[in-house]
Visitor: 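One structure follows; several queries about it will come next.
Quick note: numbers below take in every heavy atom, side chains included, and nothing from hydrogens, waters or symmetry partners. Every chain is numbered from 1, with letters handed out A, B, ... down the list of sequences.
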Amino acid sequence: MVWLVSSTQRTGKPVAHCLTMRRLAPLPARPLANESDEELLRRMLTGEEEAFEVLYDRREGLVYQFALRMSGSAALAEDVTQDVFLSLIRHGHQFDAGRGKLAKYLLGMTRNRVLTLLQRERSFVALTDEDEDEDLSLPASLITHEDPLLKLTRAEQTETMRQAILALPLHYREVLVLCNLNELSYEDAAGILSCPVGTVRSRLNRARGLLLDKLRAARQTAEQIVA
Amino acid sequence: MKCEDFAELAAELADGRLQEVAAQQRLHAHAAVCLPCARSLAAQENLRQELRTYADWTAAETAAPRVKQELRTAFRAQLAANITPGEPVKVATVLPFVARKQQVVPRWLAAVAAGLAIVFMIGALWLGRTPALIAPDTAIVPPAAPLWTPPPPEFNATAAAPETKAVPVATTRQPIRRRSGQPNAWQERETASDFVPLTLAADERALANGTLVRLEVPRARLVALGLPLPVESGREMVNAEVMVGDNGVAYAIRLVQ
Ligand SMILES: [Zn+2]
């Protein structure tokens, strides 16, 4: 069915005039905070902006923090956050709840995006090269000159840990972030990393050993500087 | 148990992820008699605590508010471009919409259209029906006011919008024929709400040759967009018109009743 009509005939005023009208008052809030991620996504995809808002507020930290912990760059983490949620807005219907939770899906997208950007920035350590972890030299950024008594403030402790994690080879770093910072099960981490559970277990074990070495070295170096 | 075996499972034990009770007992028994392994386990438990503390202390780190703002803009643009992903929307009408200037129609096309109109009107009169063509200029509305309020400078709509797809109907600027039997007085009976913007930026050039698309959409969709409708009967289909620029971007929507 096709109709033709002049907008002025119907409304009594030109279309362009209507365009300058202000946005209408928001509707009363609906209780979305208790909905599951998956339900929020479903409602978001049917056009509910509030569902998008709630879902973003709930899961933005997961995405942003994973990207930040993996890259050490707030700018990159923000880019990744934007890319991941943009992808959810545009291609969220591709999410299959039968294959796992939305949070896991988001982490998978985040991980892929982080790796892509890190590769692009050439600060990438080959994921499959298991020999990369032999380099245990301490990055200069791990050495702190600011606290001679080694009683690190919270910010300094955070920064020491952040730098030690960033000094890990990428394939160890990601498994440590997923399992020890995001508290994922080995199975979920294996799903995100597309590798066997046994690989997650062995990489995490190795990552923990390397991290201990790096933290120990950082503190010893700091002690030597003080002495 | 060998120290190598202990080292393989120490982190898992410290994390509380070692499910098998017998394995836990074997590890603790070994640590009780092996000082290096006992120290290793203590170091792993200490690291576990440090990592938890680090996770807690950095749990409040968030992206800048502009990220959400830009995503919200993209969400609205996506919504406008594809009103109901996963839900059917009936496209009832495609209306040519010319905002700033009269629509430019090639002379040859106008001549063809005029010829077709004459032929059709003669045919319609011969069949005793109402003439069904409406002159193209009845659909052209010259503007009286500026097209759009400029968006706030912090918004970068172009960053979010380039991939925005056109409303899934072919925009047509050819003369559109009304189906015979359509009531003539319906236009006067209809009222339309004000347009609600779907994007934060408008391209005047795109709008100048844009199209007004009539859709049948669920009432709830319009409510979600901010149109003033009662919420109760969300599944009911209502008429709406979307203003689509010739770049395929939908800029505004309104209710027609
Ligand atoms: Zn031992």
Visitor: In terms of heavy-atom proximity below 4.5 Å to chain B, should L88(A) be classed as side chain, backbone, both, or neither?
Guide: neither
Visitor: Please classify the contact of F85(A) with chain B as side chain, backbone, both or neither, using a heavy-atom distance under 4.5 Å.
Guide: both
Visitor: Salt bridge between E35(A) and R58(A), side-chain N to carboxylate O under 4.0 Å?
Guide: no
Visitor: Have N180(A) and R208(A) got a donor and an acceptor in their side chains that come within less than 3.5 Å?
Guide: yes
Visitor: Could you check which of A64(B), A63(B), A11(B) has the highest count of heavy-atom pairs closer than 4.5 Å to chain A?
Guide: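 The answer is A63(B).
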Visitor: Please check if the number of heavy atoms outside R17(B) that lie under 6.0 Å from its CZ is greater than 12.
Guide: yes
Visitor: What part of R48(B) gets closer than 4.5 Å to chain A, counting heavy atoms only: side chain, backbone, both or neither?
Guide: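 Both parts, heavy atoms under 4.5 Å.
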Visitor: Would you mind checking which part of L181(A) comes under 4.5 Å of any heavy atom in chain B, side chain (CB onward), backbone (N, CA, C, O), both or neither?
Guide: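 Its backbone and side chain both get close to chain B.
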Visitor: I need the full list of side-chain hydrogen bond (donor to acceptor under 3.5 Å, both in side chains) pairs touching residues 67-77 of chain A, with sequence neighbours left out, sorted by first then second residue.
Guide: R69(A)-T58(B)
Visitor: So which residue, N46(B), L51(B), L9(B), ends up with the most heavy-atom pairs under 4.5 Å with chain A?
Guide: L51(B)
Visitor: For R201(A), is it the side chain, the backbone, both or neither that has a heavy atom under 4.5 Å from a heavy atom of chain B?
Guide: side chain
Visitor: Report the C-alpha separation of N112(A) and M109(A) in whole Å, then their side-chain angles, then the decisive distance to 0.1 Å, and conclude whether the side chain to side chain contact (heavy atoms under 4.5 Å, CB included) test is met.
Guide: CA-CA 5 Å; N112(A) 291 341; M109(A) 284 203 290; 5.8 Å; no
Visitor: Count the heavy-atom pairs under 4.5 Å between each of V63(A), D57(A), L62(A), N182(A) and chain B, then report the option with the highest count.
Guide: D57(A)
Visitor: Look at G61(A), C179(A), A77(A) and state which one has the largest set of heavy-atom pairs under 4.5 Å with chain B.
Guide: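 Most pairs with chain B among the choices: C179(A).
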Visitor: With the threshold set at 4.0 Å, does a side-chain nitrogen-carboxylate oxygen contact exist between E60(A) and K68(B)?
Guide: no
Visitor: What pairs meet the salt bridge (Lys or Arg N to Asp or Glu O under 4.0 Å) rule with one or both residues in residues 78-89 of chain A, with sequence neighbours excluded?
Guide: E78(A)-R66(B), D83(A)-R113(A)
